[in-house]
Each structure stands twice: as structure tokens, then as C-alpha cells.
Amino acid sequence: IARTRNLILANCQLESVPEEKRDQLLFDLCVLCKKEIARTRNLKKIIDSISVFCGFLQFSGKIRSTSLERLLIFLCHTYPRVRKEVADQLYVSLQTFDDVAPAESYDEVLSLLSETSWMSADGDFKNVRNRLCDIFGVSRPKPIAKPKASVSNTKTVDSAKGLGYR
């Protein structure tokens, strides 16, 4: 699906669609792409989706902000290759679509993307990402709360301890 969306965006196959329907269609495609990669560890899918989200940056409004949010989340991804790919593609997209970054912060954004060592294991990615969120005017991602142990699991553990198990 990501490749098809990428081809549609690259070849401007949406010119014949009326503008009001086009915006909703693009947003629906953006949301679909977001759902498709949710919680995936498939590196190929993630890399393909980066191209799609960068392609969505050419549009304004909620399509752009949703795409930026997803791309900025990827800057703190576990896989260094994902972080580097996002930084590289976002850098190129910002040069291609000149109205994405605010003019007064344009150089700072390009500098953050190009000078951060995205492939390192112990970089300060979160602070860089948060600064980029502030510049682009998108909300900073919040960590997902891990579910607490259920009562039934606690009882099982307690009864196992009573039988001499740890």
C-alpha cells in the first residue's frame, strides 16, 4: 500500500479530483499509512512509509501536521537506520517544499537534521526531536503508558510464591 501511495504522490495522480475531496482523500491515505505501520518492526515498511509521509509534506493543514508528527516520532526510533533515513528525507523534503519550515528557523532545522549523529546508539535524539516539534508547531509525542499487571496475574504470582516458586 505504501508504494502505491508513493506512486500516486510522485506522479500527481490527484489533479483530476476536486480540491475538497482531494484533501479528505489525502488525509485518509495519511491515516491509513499511519495505521499500517503502527507497532511494526518491519524495517522495509517503516522506510517505505517515511517516503510517503515526506511526500505528504507538500500539502498543507492536517495532512502536513499529521505527517510531521509521524516523521518526528521516527527521529527517536530504536533502529538507527530509521532515524538516519528520516533525517535525510526530511532534509531533502524541506529543500523541495520551501514552506514547510518557518523561514526564521529554516537554517536551524537543516542544521539539526544534518549535524545530529543519528546512527549513534547514545545520541540526544529526544531533545533534538522536541526542538523540531516546537519549531514546526506540532505537539511533542508523549510516551505510551505500559499496562499495569492485572489482578488475576498478581494472584497467580502470589499463589506460586506460596508454593515455593519465585
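For the single chain, residues carry numbers from 1 onward in sequence order.
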Query raised in the report: ring pair (Phe, Tyr, Trp, His ring centres under 6.0 Å) with Tyr79: which residues, sequence neighbours excluded?
Result: His77
Requested in this report: Would you give the length of the straight line joining atom OG of Ser111 to atom OH of Tyr106, rounded to the nearest 0.5 angstrom?
Outcome: 12.5 Å
Report summary line: In terms of heavy-atom contacts, Ile63 and Cys30 come closest through O-SG, 4.2 Å
Query - Glu85/Ile46 under side-chain contact (heavy atoms from CB on, under 4.5 Å): CA gap, chis, key distance, verdict - result: CA-CA 10 Å; Glu85 190 70 27; Ile46 294 170; over 6 Å; no
Report task. Check each of Val86, Asp88, Leu90, Val92 against Leu113 using the side-chain contact (heavy atoms from CB on, under 4.5 Å) test, and report the only one that passes. Result -> Leu90
Query raised in the report: Regarding Asn127 and Asp124, is there a side-chain donor-to-acceptor distance under 3.5 Å anywhere?
Result: yes
**Report entry** Spacing of Arg140 atom CZ and Cys133 atom SG [to the nearest 0.5 Å]
**Finding:** 7.5 Å
Query raised in the report: Of all residues at least two apart in sequence or in a different chain, which pass the ring pair (Phe, Tyr, Trp, His ring centres under 6.0 Å) check with Phe136?
Result: none
Requested in this report: Tell me whether the guanidinium CZ or amine NZ of Arg83 lies under 6.0 angstrom from the six-membered ring centre of Phe125 and within 45° of its axis.
Outcome: yes
Query raised in the report: How many angstroms lie between OG in Ser60 and CG in Leu26, if you round to the nearest 0.5 Å?
Result: 10.0 Å
Query - Any donor-acceptor N/O pair, Gln24 side chain to Lys21 backbone, under 3.5 Å - result: no
**Report entry** Expected output: side-chain Arg64 to main-chain Leu57 donor-acceptor under 3.5 Å
**Finding:** yes
Requested in this report: Start with the C-alpha distance between Leu72 and Val138, add both sets of side-chain angles, then the distance that settles side-chain contact (heavy atoms from CB on, under 4.5 Å), and finish with yes or no.
Outcome: CA-CA 9 Å; Leu72 295 174; Val138 297; 3.6 Å; yes
Query raised in the report: Are Ile73 and Leu71 connected in the hydrophobic side-chain network, where two residues link if heavy atoms are under 4.5 Å apart?
Result: no
Query raised in the report: From Thr116 OG1 over to Arg131 CZ, what is the distance, rounded to the nearest 0.5 angstrom?
Result: 12.5 Å
Report summary line: Shortest non-hydrogen pair, Gln95 vs Leu110, comes out as NE2-CD1, 4.3 Å
Requested in this report: May I ask you to test the Leu68-Phe53 pair for a side-chain heavy-atom distance under 4.5 Å?
Outcome: no
Query raised in the report: Considering only heavy atoms from C-beta outward, does the side chain of Ile47 approach that of Ile50 to under 4.5 Å?
Result: yes
Requested in this report: Working to the nearest 0.5 Å, report the span between CZ of Phe74 and SG of Cys76.
Outcome: 12.0 Å
Report summary line: Rounded to the nearest 0.5 Å, the NZ atom of Lys45 sits from the SG atom of Cys33 at a distance of 10.0 Å
Query raised in the report: Which is it for Glu36 and Ser49 under the side chain to side chain donor-acceptor pair (under 3.5 Å) test, yes or no, and what are the steps along the way?
Result: CA-CA 9 Å; Glu36 184 180 335; Ser49 74; over 6 Å; no
Requested in this report: Indicate the atoms forming the closest heavy-atom contact of Met119 with Pro80, along with that distance.
Outcome: SD-O, 3.5 Å
Requested in this report: Start with the C-alpha distance between Ser93 and Val100, add both sets of side-chain angles, then the distance that settles side-chain contact (heavy atoms from CB on, under 4.5 Å), and finish with yes or no.
Outcome: CA-CA 9 Å; Ser93 295; Val100 176; over 6 Å; no
Query raised in the report: What pair of heavy atoms forms the shortest contact from Lys62 to Thr66, and how long is it?
Result: O-OG1, 2.7 Å
Report task. Could you walk me through whether Ser67 and Phe59 pass side-chain contact (heavy atoms from CB on, under 4.5 Å), step by step? Result -> CA-CA 10 Å; Ser67 298; Phe59 306 102; over 6 Å; no
